[in-house]
2 protein chains.
Amino acid sequence: MRKGEQTRTLILNEAVALASQLGLEGLSIGSLAERLDMSKSGLFAHFGSKEDLQLLTLKRAQTLFFDEVLSPALKHARGLPRLRALFSNWLGWVKRNDDLPGGCLMLAASVEYDDRPGAVRDLLVAGQRELRGAVAKAIRIAIDEGHLEPHTDPWQLTFELFGIVLATHHDFRLLGDARALERAGEALERLLEAHRAAAPRA
Amino acid sequence: MRKGEQTRTLILNEAVALASQLGLEGLSIGSLAERLDMSKSGLFAHFGSKEDLQLLTLKRAQTLFFDEVLSPALKHARGLPRLRALFSNWLGWVKRNDDLPGGCLMLAASVEYDDRPGAVRDLLVAGQRELRGAVAKAIRIAIDEGHLEPHTDPWQLTFELFGIVLATHHDFRLLGDARALERAGEALERLLEAHRAAAPRA
DNA sequence: CATACCCTAGTACGAACGTTCGTTAATCGC
DNA sequence: GCGATTAACGAACGTTCGTACTAGGGTATG
């Protein structure tokens with residue numbers, strides 16, 4: 001890897017951490033440079049504009065998410081086990097503090113850009129659509145496997161799962177309530193129980 | 001009412017709208033003054049500092065919320081009717097566009113300040129605690145009335161209700177998905193059904 | 001080892017930020 | 001209606017913002 005490319009990666013990693021605390025808009029080139037012991041201009045040269053930096057920062061966070069939440073879940077058995085793994089990984093992502101000290105960046109950016117049209121918002125929407133699709137697919141597979149009852153609506157269940165994660169994030173981050181994780185687990189179980197197939201096919 | 005007091009109210013109303021779009025941090029005194037055809041210094045004189053403006057803006061939004069969501073719900077019959085009214089009002093708050101063009105200000109501020117200690121965060125936490133307490137109380141009443149089964153955990157149910165609202169806000173605001181409101185209704189029904197008392201006492 | 005390129009730092013810019021100042025104009029209580 | 005109080009203004013403060021330049025040193029390739 002070229003020198004520039006590796007410092008660029010270094011910059012983006014720090015940018016993800018900083019943006020998770022200050023938001024994508026609050027993330028400033030000056031403070032980012034200071035954190036990395038670089039000059040503002042030297043850092044800026046890596047990105048043509050601030051929007052580029054924001055987009056690449058968001059993309060980096062999305063990649064991290066898919067690598068650490070979605071991808072590992074695919075290693076688990078199709079159906080409920082995979083769905084549970086996905087949920088568990090997701091909660092792990094929510095509470096991770098090392099490279100996301102301010103909580104999920106996509107979530108923060110969603111609130112920030114939900115009424116600000118542009119490339120950032122488009123990227124957020126695309127990522128969210130991809131995530132929803134993946135969850136819904138996992139649910140559909142669980143139905144096919146006979147783990148969930150056939151009448152289960154994958155999109156509705158995805159919606160409710162997402163709600164649990166959002167509430168967990170909120171309680172864990174703002175209120176500092178660690179019990180939110182147990183609450184999330186309980187909510188998941190009740191949700192799955194309500195849609196559990198009467199008699200497993202296999 | 002004194003002259004200063006009424007322009008102050010005018011300022012705060014506009015501040016709530018602007019902050020709902022740009023966040024409490026993104027809300028700048030200059031742009032706010034421009035919107036109101038005032039001078040920056042004239043506006044600033046009403047508040048000793050930007051943090052004061054932020055705090056008063058947030059308080060105004062909280063008052064609006066309690067007046068339009070919680071308070072009207074108390075007029076409905078104790079138990080499930082009141083709980084449903086509360087939820088319905090809440091969804092109405094989420095989708096209102098006139099004075100909250102950028103979505104719920106408390107929610108935006110929560111994401112912005114969840115990792116920024118200070119007076120703003122404290123106010124947010126206090127408001128959230130009050131809200132949670134009110135919802136949990138409504139649930140407890142519904143249990144006492146025999147509408148929900150006695151083993152229902154009010155805090156757990158409050159948590160899950162909150163999750164549904166959060167997911168609705170997200171889908172409605174970021175994805176522009178109006179079906180989120182129907183999804184929320186369906187999720188509420190499933191949740192209430194799971195906790196419904198077998199035989200109503202009254 | 002030499003050369004070409006790629007980084008990075010330095011400097012400067014106009015604009016916007018929150019804040020303070022002194023002053024004028026409007027409003028209030030008597 | 002007069003005098004005291006309050007509301008609003010315009011200008012300027014120092015700082016930080018994102019963004020252009022110009023050089024010079026480090027790195028990788030021939």
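Letters A, B, ... mirror the listed sequences (proteins, then strands); counts begin at 1. Only a predicted model underlies this, so the values are computations on that prediction, with no experimental measurement involved.
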Subject >> B/His46 vs D/dT6: side-chain N/O to OP1/OP2 distance below 4.0 Å >> reply: no
Original post:
Do the side-chain N or O atoms of A/Ser49 get closer than 4.0 angstrom to the phosphate oxygens (OP1, OP2) of D/dG18?
Top reply: no
**OP:** Could you please name the option among C/dT8, D/dT19, D/dA8 that lies closest to any side-chain atom of A/Ser39?
**Re:**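 Looking only at side-chain atoms, A/Ser39 lies closest to C/dT8.
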Determine, for [X] against [Y], whether the closest basic-nitrogen to carboxylate-oxygen distance falls under 4.0 angstrom.
| X | Y | value |
| --- | --- | --- |
| B/Arg196 | B/Glu193 | yes |
| B/Asp171 | A/Arg132 | yes |
| B/Asp98 | B/Arg96 | yes |
| A/Glu34 | A/Lys40 | no |

How many Å lie between [atom1] on [X] and [atom2] on [N], as a whole number?
| X | N | atom1 | atom2 | value |
| --- | --- | --- | --- | --- |
| A/Gln54 | D/dC17 | CD | P | 14 Å |
| A/Glu5 | D/dT27 | CD | P | 16 Å |
| B/Arg2 | D/dA4 | CZ | C1' | 11 Å |
| A/Ile29 | C/dT8 | CD1 | P | 15 Å |
| B/Leu53 | C/dT19 | CG | P | 10 Å |
| B/Met38 | C/dA25 | CE | P | 17 Å |
| A/Arg8 | C/dT8 | CZ | P | 11 Å |
| B/Leu43 | D/dC9 | CG | P | 9 Å |

Subject >> Pairs meeting criterion ring-ring contact (aromatic ring centres under 6.0 Å, His included) with involvement of residues 166-196 of chain A, two or more places apart >> reply: A/His170-B/Phe162
Original post:
Nearest nucleotide by nearest heavy atom, which residue falls closer to the 5' end of DNA chain D, A/Lys40 or B/Asp37?
Top reply: B/Asp37
Original post:
DNA chain D: stems of at least 3 consecutive Watson-Crick or G-U pairs, cut-off 3.5 Å?
Top reply: C:8-30 with D:1-23
Original post:
A/Leu32 and side-chain contact (heavy atoms from CB on, under 4.5 Å): which partner among A/Leu43, A/Thr57, A/Leu12, A/Leu22?
Top reply: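 Exactly one pass, corresponding to A/Leu43.
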Considering only nitrogen or oxygen atoms on both sides, find all protein atoms under 3.5 Å from nucleotides 20-25 of chain D and state each distance.
none

Subject >> With B/Glu186 via salt bridge (Lys or Arg N to Asp or Glu O under 4.0 Å) - residues at least two apart >> reply: none
Original post:
Is NZ or CZ of B/Arg84 both nearer than 6.0 Å to the six-membered ring centre of B/Phe87 and within 45° of the ring axis?
Top reply: no
Original post:
Just checking A/Ala45: base, sugar-phosphate only, or nothing, at a heavy-atom cut-off of under 4.0 Å?
Top reply: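 Contact class for A/Ala45: base.
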Subject >> Proximity to DNA chain D (any heavy atom under 4.0 Å), residues of residues 11-28 of chain B only >> reply: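 When residues 11-28 of chain B is checked for heavy atoms under 4.0 Å from DNA chain D, there are no hits whatsoever.
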**OP:** Without swapping roles, check the side chain of A/Glu68 against the backbone of A/Trp93 for a donor-acceptor pair under 3.5 Å.
**Re:** no
**OP:** Please name all residues satisfying side-chain hydrogen bond (donor to acceptor under 3.5 Å, both in side chains) with B/Arg82, sequence neighbours left out, ordered by chain then number.
**Re:**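 Expected list: none.
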Original post:
Taking for each residue the nucleotide of DNA chain C bearing the nearest heavy atom, is the 5' side occupied by B/Ser31 or by A/Gly42?
Top reply: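 Result: A/Gly42.
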Subject >> side chain to side chain contact (heavy atoms under 4.5 Å, CB included) between B/Lys95 and B/Thr168, intermediate numbers included >> reply: CA-CA 9 Å; B/Lys95 70 176 178 187; B/Thr168 308; over 6 Å; no
Original post:
When you look at A/Glu160 and B/Arg190, which way does the salt bridge (charged side-chain N to carboxylate O under 4.0 Å, His left out) test go after all the steps?
Top reply: CA-CA 11 Å; A/Glu160 300 190 27; B/Arg190 179 197 61 78; 2.8 Å; yes
